Amino acid sequence: MALTVYNTLSRAKELFQPIEGNGVRMYVCGPTVYGHSHLGHAKSYVSFDVVARYLRFSRYAVLYVQNITDVGHLTDDADEGEDKIVKQSRADRVHPMQLAELYTQSYFEDMDALNNLRPDISPRATGHITEQIAIIEELIRKDLAYEVNGSVYFDVTKFPGYGKLSGRTVDELVAGARVEVNPDKRDPADFALWKRAEPGHIMRWPSPWGNGFPGWHIECSAMSMKYLGESFDIHGGGLENQFPHHDSEIAQSEGATGKLFAKYWLHNNMVTVDGRKMGKSLGNFVTLKDAFQRWRPEVIRFFILQSHYRSTLDFSAAAVDGAARGHEKLVNTIRNLRDRRRTAGAGEDPGIEIARYRASFIDAMDDDFNTPQAIAVLFDLARETNQRLDSGRDLSVTSLTALDTLFTELAGTVLGFTLEADGHHPEAESDPEGHLVDLLLGVRAEVRAQKLWALSDMIRDGLGRLGFVLEDKKEGTRWKRKS
RNA sequence: GGCGACGUACCCAAGUGGUAAGGGAGAGGUCUGCAAAACCUUUAUGCGCCGGUUCGAAUCCGGCCGUCGCCUCCA
């Protein structure tokens, strides 16, 4: 089977085929940095991280660009529209660039914690004003845009396909318009490419139309085409950005170049709370920094990947707790496997069909990145692995290593899980706390040899209260930190 | 009003024509001094409701009910 992806442009799953050879050029709409990232951001960027990881696993040469929007994201398109970063920076009494810097760093911190690989390029919108102006000039030259009072608007009536991504027509847009019509616009559906800066507006750049700042949509066109070329393979982003953002990107880019902009459009669905979208408007969002207080970042990642990227994911503490237990089961399996391998010799082969599991996993991922299905394969593999480990048979170090490699490849390389227990790593023991626990366990082993169970349980309960979980095995006692 | 999704067990969640994955929780059991971990058994004659097509439908078609998203900013 080959990789198929759901393309929003055709509203169907299509066979994935890069425009040129083996290279995949991929652009994903990054965050507007005026606040800490929340679970919704995590779903989007974990999803596309897995897309990039899986493409690389499938031997494509991926160039992944994800922008940082640090200017120009208007609260609306009317003249009252305000730059969200400017607005927040005024509230916080800091320079807009200071605010953008703070939340850019916060964003990377959170994404690193989630084990998302860094994009190959993370361009900033403010660093690409020249490129944005160039596109706007080209659009004016082609009569697809017009200047009014120092602002420039895209004329949607001149671009016949406007709305093709979201399946809208200009007529429908006008009929349902909820925004007061800006008198500068020729058509109510026209959108801003460049806005005149009012006196006192800090974020401003010189342009052929006077001092101003870029509109929201143009930065993605500028940065994607600069680094990926006029036509590239994948454009990703959140579902809610289909319109107007992505339709406008298509109009600007294809209007300027006359070429296909992006071949495949991938959109991830929303995180909901009690069935309602988690977002800034409703104020019902959970920041990642808060979530990480309660759950390990890897658990959040696991929770996200247990649903499909195109499905909504309903957040509740109970649901994440459930995911945490499932995640722990996989962690325990890896631990069981590695513990056994340390003492294994030239035993027998357990007869687990590694190739079959690998193929099932790939089938799932090939089907539009079906990570819930892929994780189900991992659970099946985990059950069979534990069965063999419990069977009492003497398993060979070779076969155990092969299983470990399989887990590391599928769960680790592709899905981005380390699946390491948070605690005892006998090979690399350098933390004093660990040595103290080991010391206590040595004492407890003596106590247990004398069958002084009350004393033994006292140590176990006491360590339990301090956050250490003990497991008495035939080979000795094992411990880990509570997750 | 327009456009688009979704509704699967107590919870989360796959499954787009062939007789309901996986995880959590619950119940019972094996192992254990007891736990923990792991394993085994078990938990939806049914996939919002009503019709239709078909040998066969959670999956296709029609209607209805409900929830949500987009049409202003949001991943």
Side-chain angles (χ1 to χ4, degrees), chain A residues 11 28-32 34-35 37-48 73-78 81-82 84 163 166-169 171-180 189 216 236-245 267-272 275-282 285 302-303 306-308 310-316 318-330 332-333 335-336 364 367 370-380 382-383 385-391 448 451 453 456-457 460-461 464 469-474 477-480:
Chain A
R11 303 192 180 278
V28 172
C29 284
T32 301
Y34 66 106
S37 303
H38 55 67
L39 283 166
H41 295 98
K43 177 167 164 71
S44 185
Y45 300 122
V46 166
S47 298
F48 288 111
H73 207 155
L74 302 179
T75 52
D76 67 50
D77 239 357
E82 196 171 13
K84 292 195 287 196
S166 59
R168 289 164 215 280
T169 64
D171 291 347
E172 286 164 11
L173 289 170
V174 177
R178 281 192 282 163
V179 167
E180 262 187 68
W216 168 37
L239 201 62
E240 84 286 357
N241 276 335
Q242 258 174 38
F243 191 89
H245 186 52
H267 289 99
N268 66 279
N269 217 315
M270 307 288 97
V271 175
T272 58
R276 310 203 64 186
K277 175 181 166 181
M278 179 180 286
K280 303 207 164 147
S281 328
L282 282 171
F285 61 91
F302 187 80
F303 173 63
Q306 253 194 320
S307 85
H308 189 89
R310 281 192 294 114
S311 302
T312 54
L313 172 62
D314 198 58
F315 169 82
S316 69
V320 186
D321 283 343
R325 299 277 299 130
H327 173 262
E328 195 181 359
K329 186 176 191 152
L330 290 181
N332 285 335
T333 303
R335 208 165 48 121
N336 294 339
D367 183 14
N370 192 335
T371 56
Q373 188 64 51
I375 287 174
V377 173
L378 292 182
F379 275 115
D380 287 339
R383 180 163 20 84
T385 299
N386 281 316
Q387 275 171 359
R388 296 302 192 281
L389 292 174
D390 280 0
S391 68
R448 283 167 58 75
K451 300 195 190 303
W453 305 125
S456 165
D457 291 349
R460 184 172 66 197
D461 296 345
V469 181
L470 269 50
E471 294 171 20
D472 294 319
K473 316 287 272 190
K474 282 194 189 71
T477 300
R478 189 165 78 168
W479 66 269
K480 65 179 176 182

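Every chain is numbered from 1 and lettered A, B, ... according to where its sequence line falls, protein lines coming before strand lines. Only this structure's heavy atoms are used, side chains among them; waters, hydrogens and symmetry mates stay out. All values derive from a computational prediction rather than experimental measurement.
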Walk along nucleotides 4-18 of chain B from 5' to 3' and tag each nucleotide B, S or - by protein heavy-atom contact under 4.0 Å, base first, then sugar-phosphate. --------SSSS---

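- The distance from atom CZ of A:R460 to atom P of B:G33 is 12 Å, rounded to the nearest whole Å.
- For the pair A:N386 and B:C39, the criterion of a side-chain N or O lying under 4.0 Å from OP1 or OP2 is met.
- For A:Y45, the ring-ring contact (aromatic ring centres under 6.0 Å, His included) partners are A:Y107, not counting sequence neighbours.
- Judged as a ring-ring contact (aromatic ring centres under 6.0 Å, His included), and not counting sequence neighbours, A:H308 has no contacts.
- Within 4.0 Å of A:D380, counting heavy atoms only, lie sugar-phosphate atoms of the nucleic acid but no base atom.
- Using a 4.0 Å cut-off, no side-chain N or O of A:K329 falls inside it from OP1 or OP2 of B:A37.
- Between A:K277 and B:C70 there is a side-chain polar atom (N or O) within less than 4.0 angstrom of OP1 or OP2.
- Partners of A:N386 under the side-chain hydrogen bond (donor to acceptor under 3.5 Å, both in side chains) rule, at least two apart in sequence or in another chain, are A:T333, A:N336.
- Look at A:R168 and you won't find any side-chain N or O under 4.0 angstrom from OP1 or OP2 of B:C70.
- Remark: side-chain polar atoms of A:D314 are paired, donor with acceptor, to backbone N or O of A:G275 under 3.5 angstrom.
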Which dot-bracket string describes RNA chain B (Watson-Crick N1-N3 plus N6-O4 or O6-N4, or G-U N1-O2 and O6-N3, all under 3.5 Å; [ ] crossing; | other strand)? ((((((((.[[[..)..(...]]].(((((.......))))).....[[[[[..)....]]]]])))))))....

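- Residues passing the ring-ring contact (aromatic ring centres under 6.0 Å, His included) test with A:F302, sequence neighbours excluded: A:H327, A:F417.
- Two residues, A:K451 and A:H245, neighbour RNA chain B, and the one matched to the more 5' nucleotide by heavy-atom proximity is A:K451.
- Judged by closest nucleotide on RNA chain B, A:G322 is the one of A:G322 and A:G40 placed further toward the 5' end.
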Test log, rule side-chain contact (heavy atoms from CB on, under 4.5 Å), inputs A:N332 and A:K329: CA-CA 5 Å; A:N332 285 335; A:K329 186 176 191 152; 5.6 Å; no

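- In this entry the distance linking CG of A:D457 with C1' of B:A35 reads 8 Å, nearest Å.
- Computed from coordinates, the A:E240 CD to B:C70 P distance equals 7 Å when rounded to whole Å.
- In this structure, A:W453 forms an aromatic stack with the base of B:G33, since both conditions hold: centre separation below 5.5 Å and plane angle below 30°.
- Remark: A:Q387 is in phosphate contact with B:C40, judged by side-chain N or O atoms under 4.0 Å from OP1 or OP2.
- Among the nucleotides B:G33, B:A37, B:A21, the one closest to the side chain of A:N336 is B:A37.
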